[in-house]
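Heads up: numbering here begins at 1 and tracks the sequence. Keep in mind that the numbers below use all heavy atoms, side chains included, and drop hydrogens, waters and symmetry copies.
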Amino acid sequence: MIALEHQNVSVTQGKLAAKQRHAIRDLIRAKSDREIARLLRRSYRLLNLHRRRRSSISHRERWTDYELRLLGRIRDEELAKLLRRSRSAIAGKRESLGIAIFASQRIFWSKREIEILGKRPDAVVARMLGRTRYAVQLKRHSLGIPQCWERARPWTRKEEALLGTMRDAELAKKIGRSISCVRTRRWEKTKIRFIKTPKRWTSMELGLLGQMPDGELARRTGRFRASARNKRVQLGIPRYGPKRR
């Protein structure tokens, strides 16, 4: 009987304590930051900054059970968009809990899938196989399979014979192809590698060295500022400066 009475008293005290806490909380909410700062004998600006810092950190670091259950079940990028968090935050929380990164179950490539690579554009092959375009492109590159372009004109023997005989821009204009297409074909079919030679200085450009700032001379001649400065120093020409009267 006595134990039961003590238990009722403790429950009553707990209820009173809870009521008191709620009352104090409501009282604090009703008061302004200046009044609370005056009662606590603290600076108003310091209290306001501390409140904002606590609210932002607690909101950013708070993880719900639902969010934790999703870690490692889908890709970090997709989960970051779903939870409106950064990708680094998702990866950091997953690694701190020892959860492995999400990996697609379709890891192995069948012979039929590999045979399709390069026969059609990567985007079309990705839709056919139910994979991402990046996965298809990565697998094709690892096997050394050239890419298939839509509406691509096949190369003739006469065109391939001209590879490396002239600059890629000149050959592209001659046979009606893009410069990148000609350059890629030259890398695949020949061992010719063009070395870009520096642009020669004309007598008129050499006469302008030291007559104007190096930056202005570089803009006029289509060169880099360091190139103009190095050429001037090499020839022993002093730097341009306004003439003193």
Side-chain angles (χ1 to χ4, degrees), residues 75 77 87 104 107 109-243:
R75 298 176 59 185
E77 298 83 357
R87 180 182 177 184
S104 177
I107 300 177
W109 287 74
S110 64
K111 293 182 179 180
R112 174 58 180 168
E113 291 177 331
I114 295 177
E115 291 176 356
I116 301 177
L117 295 176
K119 301 296 180 58
R120 296 189 179 185
D122 293 341
V124 178
V125 176
R127 290 194 297 267
M128 292 173 58
L129 303 180
R131 297 177 181 268
T132 62
R133 181 177 181 179
Y134 175 75
V136 173
Q137 183 179 3
L138 185 63
K139 187 65 175 179
R140 181 177 52 77
H141 275 298
S142 64
L143 297 176
I145 301 175
Q147 185 175 0
C148 175
W149 299 93
E150 289 183 337
R151 301 176 182 176
R153 178 161 53 94
W155 283 78
T156 62
R157 292 184 179 181
K158 185 178 179 180
E159 290 176 339
E160 291 182 349
L162 295 176
L163 292 172
T165 59
M166 60 187 73
R167 291 290 179 177
D168 295 337
E170 185 179 354
L171 180 58
K173 185 177 180 180
K174 183 177 181 179
I175 63 179
R177 295 181 181 270
S178 63
I179 300 176
S180 60
C181 180
V182 173
R183 184 186 302 113
T184 304
R185 195 68 175 183
R186 174 172 55 82
W187 288 346
E188 293 177 354
K189 295 296 181 179
T190 67
K191 296 183 179 180
I192 301 174
R193 301 293 182 265
F194 292 119
I195 300 176
K196 188 176 181 180
T197 56
K199 183 181 178 182
R200 294 185 179 181
W201 286 81
T202 63
S203 57
M204 184 184 67
E205 293 174 343
L206 293 175
L208 295 176
L209 290 172
Q211 303 298 322
M212 60 184 66
D214 296 336
E216 184 178 354
L217 177 60
R219 287 192 296 271
R220 289 191 179 185
T221 59
R223 301 176 184 271
F224 292 105
R225 183 177 181 180
S227 177
R229 183 182 65 250
N230 295 339
K231 192 65 175 179
R232 178 178 53 78
V233 173
Q234 180 183 359
L235 297 177
I237 300 175
R239 183 176 58 180
Y240 170 78
K243 297 181 179 180

Kindly state each residue pair satisfying side-chain hydrogen bond (donor to acceptor under 3.5 Å, both in side chains) with at least one member in residues 220-230, sequence neighbours excluded.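 Pairs touching residues 220-230 that pass the test: Glu205-Arg223, Glu216-Arg220.
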Rounded distance [0.5 Å steps], [atom1] in [X] versus [atom2] in [Y]:
X      : Y      : atom1 : atom2 : result
Arg183 : Arg167 : CZ    : CZ    : 11.0 Å
Leu209 : Trp201 : CG    : CH2   : 5.0 Å
Leu162 : Lys174 : CG    : NZ    : 5.5 Å
Leu206 : Met204 : CG    : CE    : 10.0 Å

Only one of Arg239, Arg232, Arg219, Lys231 forms a side-chain hydrogen bond (donor to acceptor under 3.5 Å, both in side chains) with Asp214, so which one is it? Arg232
Kindly indicate, with the supporting measurements, whether the criterion side chain to side chain contact (heavy atoms under 4.5 Å, CB included) is fulfilled by Glu159 and Arg185. CA-CA 10 Å; Glu159 290 176 339; Arg185 195 68 175 183; over 6 Å; no
Flag side-chain contact, heavy atom, 4.5 Å: Leu208 against Tyr240: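 Leu208 vs Tyr240: side chains apart.
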Let's go through Trp155 and Leu163 carefully: what are the C-alpha distance in whole Å and the side-chain angles of both, what is the deciding distance for side chain to side chain contact (heavy atoms under 4.5 Å, CB included) to 0.1 Å, and is it a yes or a no? CA-CA 11 Å; Trp155 283 78; Leu163 292 172; 3.9 Å; yes
So does Arg193 have more than 12 non-hydrogen atoms from other groups sitting under 6.0 Å from CZ?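 Result for CZ/Arg193: enclosed.
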Taking all non-hydrogen atoms of both residues into account, name the closest pair between Arg186 and Thr190 and its distance. O-OG1, 2.6 Å
I'd like a table of donor-acceptor pairs (distance under 3.5 Å, sequence neighbours excluded) in which one partner is a side-chain atom from residues 137-146, with atom names and distances.
from	atom 1	to	atom 2	distance (Å)
Arg140	NE	Asp122	OD1	3.0
Arg140	NE	Asp122	OD2	3.4
Arg140	NH1	Ile145	O	3.2
Arg140	NH2	Asp122	OD2	2.8
Ser142	OG	Leu138	O	3.4
Ser142	OG	Lys139	O	2.6

